[in-house]
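Notes for the one structure printed next.
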Protein chains: 2
Amino acid sequence: MADVTIACCAPIAREPLSESAAAEMATLLKAVADPVRLRLLSMIGSHAGGETCVCDLTDAFNLTAPTISHHLKVLRTAGLIDSERRGTWVYYWIVPAVVAKLGALFTPLAEPASAGPVDVGLVTV
Amino acid sequence: MADVTIACCAPIAREPLSESAAAEMATLLKAVADPVRLRLLSMIGSHAGGETCVCDLTDAFNLTAPTISHHLKVLRTAGLIDSERRGTWVYYWIVPAVVAKLGALFTPLAEPASAGPVDVGLVTV
DNA sequence: CGGCTGATTAGAGATTCGTCTAATCAAGCT
DNA sequence: AGCTTGATTAGACGAATCTCTAATCAGCCG
């Protein structure tokens, strides 16, 4: 049972975000607020095996390798993904806990009253 | 403390976003990827009655009125909020359907099999 | 070793963004 | 009408962002 207890703050519609919470979430959101990075994140996240080689990513865009590298760094700095070099290639994977923070910020809005113990609590990080 | 069991993936991790879907979501995310706008959105969204007067918003920040107005416009242009003038004051409220799009992007795909059809996939383009 | 492929870092150029001041629009006074 | 208060628009300016080319780092193999 995926009990999502992460999240740094209450969902957006429950109570006003504190200044610091807003700043923290904004940096996370900024990392994702780019078409290329969004696609990168979804490619990495949806890749079978949970890992993706950079070499597979660069080919999917009409951008130079350094540019892709830059976007990956932004995502990694934000904590949304992590990476490791294995021999010649570098592999990236998603960090679900951090991605879940983003979802927790917005979801309770639309969800039909979470029927279960899916407590998206206000546990701080 | 926060045992992060989160399923394997968020919707973003279900399949790679198309280029157009990524672009659409990115514009939405960009609108929210700012501390001030995040706080504005949460203030409006959590306000009792569902509406908030601009006059209540400007006082909460150390920014000039035009700046707040600018941020509200960004949110409104993105479709996340809507507004109406009633007499002297202008009132803003949240548009839940659009905010939900953001949540749907990152929220874990609900519990394993038990719950079943928690359709989160309204990310149609 | 020397060279080759994959990936990142460094730095530059153009665009976008956040904030401000000044000016304008809207509604309600006196 | 003319003044006052609330809100937005217009324009300017510095900071941040995205992309590129050139250079550098890390493994592999002839």
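Below, read A as the first sequence line, B as the second, and so on, with proteins coming before strands; counting in each chain starts at 1. Source: prediction; values computed, not measured. When reading the values below, keep in mind they use all heavy atoms of this one structure, side chains included, and skip hydrogens, waters and symmetry mates.
Residue B:F106 forms a side-chain contact (heavy atoms from CB on, under 4.5 Å) with just one option from A:L105, A:L80, A:L102, and that option is A:L102.
One can place CG of B:L72 at 13 Å from P of C:dG18, the figure rounded to the nearest angstrom. The interatomic distance linking A:K30 (NZ) with D:dC18 (C1') rounds to 15 Å, in whole Å. In this structure, the CD1 atom of B:I68 is 18 Å from the P atom of C:dC17, given to the nearest Å. Rounding to whole angstrom units, CD of residue A:E84 and C1' of C:dT8 are separated by 17 Å. When the P atom of C:dA7 is taken as reference, atom CG of A:L40 falls 13 Å away, rounded to whole Å. Rounded to whole Å, the distance from CH2 on A:W89 to P on D:dG27 is 14 Å.
A cation-pi arrangement is present between A:R86 and A:Y91, with the terminal nitrogen or guanidinium carbon under 6.0 Å from the aromatic centre and inside a 45° cone about the axis. A cation-pi arrangement, defined by a distance under 6.0 Å to the six-membered ring centre and an angle within 45 degrees of its axis, is absent between A:R76 and A:Y92.
Without hydrogens or angle criteria, A:S42 side chain to B:L17 main chain gives a donor-acceptor distance under 3.5 Å. For the pair B:T67 (side chain) and B:L63 (backbone), a donor-acceptor distance under 3.5 Å is absent. Side-chain N or O atoms of B:S69 include none that pairs as donor or acceptor with a backbone N or O of B:A65 at under 3.5 Å. At least one donor-acceptor pair under 3.5 Å links the side chain of B:R37 to the backbone N or O of B:K30.
Across all strands, A:Y92 comes closer than 4.0 Å only to sugar-phosphate atoms, never to a base (heavy-atom distances). Here A:R86 lies out of heavy-atom contact (under 4.0 Å) with every strand.
Remark: A:Y91 is not in phosphate contact with C:dA7, judged by side-chain N or O atoms under 4.0 Å from OP1 or OP2.
For A:R37, the listed nucleotide lying nearest its side chain is D:dC18; candidates were D:dC18, D:dT8, C:dC17. The nucleotide whose nearest atom lies closest to any side-chain atom of B:R85 is, among D:dT17, D:dT8, C:dA26, C:dA26.
Applying the 6.0 Å contact sphere to CD of B:E51 captures more than 12 heavy atoms from other residues, nucleotides or ligands. Shown here is A:N62, whose CG atom has no more than 12 heavy atoms of other residues, nucleotides or ligands within 6.0 Å.
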Pairs under 3.5 Å (N/O, protein and nucleotides 19-22 of chain C):
from   : atom 1 : to    : atom 2 : distance (Å)
C:dT19 : OP2    : B:H71 : NE2    : 2.3
C:dC20 : OP2    : B:T64 : N      : 3.1
C:dC20 : OP2    : B:T64 : OG1    : 3.1
C:dC20 : OP2    : B:T67 : OG1    : 2.7

In dot-bracket, 5' to 3', how would DNA chain D read with Watson-Crick or G-U wobble pairs under 3.5 Å, [ ] for crossing ones and | for pairs to another strand? ||||||||||||||||||||||||||||||
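Summary of the strand contacts: B:K73 and B:T88 both lie near DNA chain D, and taking for each the nucleotide with the nearest heavy atom, the more 5' one is attributed to B:T88.
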